[in-house]
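Take a look at the structure set out below.
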Amino acid sequence: MTGFALRTTGLVRRFGDLRALDEVYLDIPYGQVVSLVGPSGCGKSTLLRCLTYLDPPDDGFIEVGGDWLGRERLSNGTIRRRSRRDIDRVRRKIGMVFQALNLWPHMSVLDNLSVAQRVALGRSEAEAESRARALLDRLRISEIADAFPGQISGGQQQRVAIARAMAMDPEILLFDEPTSALDPELVGEVLRLLKEFAQSGMTMLVVTHELAFARDVADRLLFMDRGRILADGPPQQVITQTRDRRVRDFFDKVTAFHPKFMQAAAETEDES
Amino acid sequence: MTLDPTVITDYWPLFVQGAFLTLRLAAIAFVGGMLIGAVCAALSLLNIGPVRAVITVYLALMRGIPFIVIVFLVHFGLPAFGMRTPAIVTGTVALTLFAGAYYVEIIRGAVEALPKGQWESARAIGMSPVAAARHVIVPQIISPSIPPIVNCTMTMIKESSVLSAITVSELTYQGLIVQGNTFAPFEVFITVALIYWAITMLFHMLAQAYDRRFGASTGRSSRMSPIAARYLSIDGKSGT
């Protein structure tokens, strides 16, 4: 165990000449809630796709709970590509909640939560079902266990997607803009839910545009642009005190729409 | 004009033999074609360059050449390479390859029509490719594939009549024999037409029964809008 739920070393992903990820170094200790922001096209989604190995990185290393995902570096320095089976095994330690949720429409909610437990973790049907029901209870949606994804509301679908990822007992949960597909009144509900998880000690990496979430819930805020992490630190400090011009520009634009942040932004201007 | 029923009463064993051979040809071509369809669709979705190229050429040939020409090519081509196979064998092989090519396109199309996220979420959660295909992809393509597969199979059943041209003694061939003996083409081909119609209808009804049994719960009800689903479900659960 490295003590980190997730660690990346020099992660690179190229698309032709473009370096979508340009040597990303990231350590996330257990229990930390990290929020990742940045302008669109900055590499946030690419980073999540690399971390889930849907889009394997061209270079660099990923460790999940001390286990190498994809390529491993042995203690004597040699680098080895891991087998597909190993990749699938380590992948299970990362829970991903997609922006489009991608629930499986042909299965009941209960099956959405239990099928992967059975076929990928080898849990018995009873075991998988009781884990699924416990999660549905915890997310206060136990009444929809037998419904199909097409029959439930957007907010409920969001909870099912979260529960599906959590059912695998991952070391870390990744969220790709969890509130972007929701009605405004549901946004607060999902953010409260994430806050609850945060308080229960769940390790999370959340790509979000909700600065309120970043400020109130996250322990740490990362700002990314052009494939690099430009700022990393306690949210309030990153939002108000970063000097880098690109970071500054972004937060000035975003906070301009949020009255609560106006003051903070103004203070920074006074300082400079 | 008058119809002569003795054509049928005297020669019915030939019609029955022909009909059974047509059924057998169609059944083999259906099963073999679906196997080809599933395997080739899976292989071409894996996107391995050379494999995909071979499949593309196969599809282009089967879909770009008239079936009767394919049959002649196989039937007269194989002996040129020293392979002498009976007409029934070359005929069955040609029909299977022909149907298979269309099934490949149907299955591949149905998979490609699914949102990419379905596959990705199954893989990201840690399912192996086989498990993802079995639990997430295949159940979702069955219902949308049934109508085009039924269509294509009915065409294939009818195209099997072309095999009469290389002396495969299926229904049309037997019809030609009876006609040669009786000089009553109209009676003969009305009978042949009715038998073909009965065979294709039988297949159509089997497919509909299958769709009702297995298609409904895996597709339509779960793809309805939430409101439609709620109002159309009688037991409050719907689809199960």
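Here the structure is a predicted model, which is why all the values come from computation and not from measurement. Within every chain, numbering begins at 1; the chains are lettered A, B, ... in the order of the sequence lines, protein sequences first and strands thereafter.
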Proximity breakdown for A/Ile94 and chain B, heavy-atom pairs closer than 4.5 Å: backbone
CZ/B/Arg134: more than 12 non-hydrogen atoms of other groups inside 6.0 Å: no
Per-residue contact mode, A/Ala100 against chain B (heavy atom under 4.5 angstrom): neither
Other residues, nucleotides, ligands: >12 heavy atoms within 6.0 Å of A/Glu185 CD: yes
Most contacts with chain B, counted as non-hydrogen pairs under 4.5 angstrom, among A/Thr52, A/Asp111, A/Leu103: A/Leu103
B/Phe20 atom CZ, neighbour heavy-atom count above 12 within 6.0 Å: no
Inter-residue atom distance B/Ser128.OG - A/Arg84.CZ, 0.5 Å rounding: 11.5 Å
Heavy-atom proximity to chain B below 4.5 Å, by part of A/Phe98: side chain
Contacting region of A/Arg85 [heavy-atom separation from chain B under 4.5 Å]: neither
Donor-acceptor contact below 3.5 Å, side chain A/His106 vs main chain B/His135: yes
Residues from residues 92-127 of chain B approaching chain A under 4.5 Å (heavy atoms): B/Gly117, B/Gln118, B/Glu120, B/Ser121, B/Ala122, B/Arg123, B/Ala124, B/Ile125, B/Gly126, B/Met127
